[in-house]
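Below: one structure, written as structure tokens.
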Amino acid sequence: MVEGPDDVCAPMLGEAENHCLCDSVTERDLKASEAVEALLKIPAGPGASIRPDADFLGRMRDAFSAGSIREGCARCEWSPLCTGIADSGFDGVLVKPLDC
Ligand code: SF4
């Protein structure tokens with residue numbers, strides 16, 4: 001877990017109107033990590049290391065679909081997209097469990 005923009009967000013940092021460093025994003029990240037910690041009883045803040053095995057992904061996806069770990073999603077412009085992905089059963093999502 002990293003604080004601030006991760007490798008996925010890094011390419012956007014050069015854009016004129018990137019929002020990755022806004023306080024609202026920092027607050028969203030904090031709410032997300034707190035939700036994961038509350039759900040899984042593991043450290044999930046900056047510096048934590050999480051192995052995304054099948055149990056982890058299953059529990060996270062179940063909770064996300066149920067809306068129980070989405071406090072950080074409030075007012076996020078991507079919420080309809082993420083809700084649709086959850087509603088599809090995460091069909092086509094490329095993140096797979098590391099079970100080897
Ligand atoms: S709606 Fe999607 S993109 Fe927005 S904070 Fe939630 S999980 Fe992240």
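Owing to the predicted nature of the structure, the values given are computational and were not obtained by experimental measurement. Both counts, for ligands and for their atoms, begin at 1 and track the order of listing.
Here the CG atom belonging to N18 is positioned 9.5 Å from the SG atom belonging to C9, to the nearest 0.5 angstrom. R28 contributes atom CZ, which lies 11.0 Å from atom CD of E71 (distance to the nearest 0.5 angstrom). To the nearest 0.5 angstrom, D29 atom CG is 11.5 Å from K31 atom NZ.
The 12-atom threshold is exceeded at CG of D87, counting heavy atoms of other residues, nucleotides or ligands nearer than 6.0 Å. Within 6.0 Å of the CD atom in E37, the count of heavy atoms belonging to other residues, nucleotides or ligands exceeds 12.
Distances from atom 6 (Fe) of ligand 1 under 2.8 Å pick out these protein N/O/S atoms: C73 SG.
Looking at R75 and S24, their side chains never bring a donor and an acceptor atom within 3.5 Å of each other.
Annotation for ligand 1: atoms under 4.0 Å from non-hydrogen atoms of F64 are 7 (S).
Within 4.0 Å of atom 4 (Fe) of ligand 1, at least one protein heavy atom is present.
Taking Ile, Leu, Val, Met, Phe, Trp and Tyr as hydrophobic and joining them when side-chain heavy atoms fall under 4.5 Å apart, one finds L39 in a cluster with M1, V36, L40, I42, I50, F56, L57, M60, F64, I69, W78, L81, I85, F90, V93, V95.
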